[in-house]
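Input: a single structure, listed below in structure tokens.
Remember, it's 1-based here, ligands and their atoms both numbered in the order they're listed. Worth saying up front: this structure is predicted, and the values here are computed from it rather than measured.
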Amino acid sequence: MAPGGLLLAHMLAEELSLEVGAKVLDLGCGRGQSSVFLATRYQAQVTSLDLWISAEERSHRAAEAGVGPRVTALQGDVRRGLPIATGSFDAIFCMQAFHCFGAQPWVVTYLASLLKPGGKIGIAQGCFREEPDRLPDLFADTGGWHAEYNKYHSTDWWRRHLSASDKLDAVTAREVPDGDILWEDDILYRCRRADWRPDYLAQCAWLVRHVLHGQLSAPSLTHCIVLATRNNRVGG
Ligand SMILES: C[S@@+](CC[C@H](N)C(=O)[O-])C[C@H]1O[C@@H](n2cnc3c(N)ncnc32)[C@H](O)[C@@H]1O
């Protein structure tokens with residue numbers, strides 16, 4: 001999983017106050033570990049959507065985990081629309097993915113329309129503590145990883161972005177306590193998986209530089225959780 005892993009997934013799911021059997025869209029779910037987590041821990045009926053990772057891989061993973069009947073896997077770009085009726089979901093769960101596609105206001109409005117009135121959208125992801133005017137050059141080196149820092153914003157930017165939708169109310173946004181540590185933990189996780197091979201440590205240097213940068217100067221990498229509730233206003 002991306003930085004934060006199951007810890008961040010747990011924090012987001014708890015903030016969404018998921019009820020047993022809730023209908024949840026796991027948006028930008030990657031390899032689908034979070035879909036299995038939601039189906040297992042909350043017995044959620046999960047629609048698991050990702051662009052890069054095939055639906056077959058995720059269905060297989062869910063079946064292996066014994067939650068196949070509770071996970072419907074789809075592959076595609078959320079911006080092209082989903083074969084799903086408006087007002088379908090109790091919650092949209094989006095971890096480490098919203099920045100990839102969510103910065104345009106119409107995407108927020110579309111996603112809000114998929115929620116039942118009172119349903120919640122929750123976003124948990126890497127962000128900058130300060131809204132950057134211009135990214136320092138060192139963030140251009142991402143070691144070949146699809147980091148997309150140019151799409152990162154501050155916690156408050158995301159709060160204002162979701163608040164601008166007339167379909168969403170009660171928008172809250174907070175920085176995850178010690179959210180920078182989730183980045184450090186990601187470095188340790190990657191290195192452990194690579195058995196601390198020196199060549200791999202060298203390959204990770206770019207991420208170490210990004211995390212260290214934030215210890216001394218802005219912008220600094222951290223994580224945020226943003227929540228909003230679908231209102232009852234007509235027209236959606
Ligand atoms: C950094 S990964 C995070 C995956 C997973 N949520 C996690 O936390 O490990 C971002 C994911 O967003 C997905 N994604 C990017 N753009 C998307 C889009 N337009 N529609 C659906 N998924 C998208 C990618 O396929 C990728 O798997």
Original post:
Parallel, tilted or perpendicular: which describes the rings of Trp157 and His161, with under 30° parallel and over 60° perpendicular?
Top reply: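 It falls in the parallel class, under 30°.
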Under a 4.0 Å heavy-atom cut-off, what residues line ligand 1?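 Contacting ligand 1 under 4.0 Å are Met1, Ala2, Gly28, Cys29, Gly30, Asp50, Leu51, Trp52, Gly76, Asp77, Val78, Arg79, Met95, Gln96, Ala97, Cys100, Phe101.
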- Task: Return yes when atom CD of Glu148 has more than 12 non-hydrogen atoms of other residues, nucleotides or ligands closer than 6.0 Å, and no otherwise.
- Result: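 Atom CD in Glu148 is crowded, with more than 12 foreign heavy atoms closer than 6.0 Å.
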**Message:** Pairing donors with acceptors under 3.5 angstrom, does anything connect the side chains of Glu184 and Gln215?
**Reply:**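 Side-chain D/A pair, Glu184 to Gln215: present.
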Output a table of donor-acceptor pairs, distance under 3.5 Å, between side-chain atoms of residues 105-112 and any protein atom two or more places apart or on a different chain; print 'none' if there are none.
unit_1, atom_1, unit_2, atom_2, d
Thr109, OG1, Pro105, O, 3.3
Tyr110, OH, Leu82, N, 2.7

I need the minimum non-hydrogen distance between Cys29 and Asp50, along with the two atoms involved.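 Heavy atoms of Cys29 and Asp50 come nearest at N-OD1, 3.3 Å.
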- Message: So which atom in Ala173 and which in Arg159 form the shortest heavy-atom distance, rounded to 0.1 Å?
- Response: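 So the minimum-distance heavy-atom pair works out to CB-CB, 3.6 Å.
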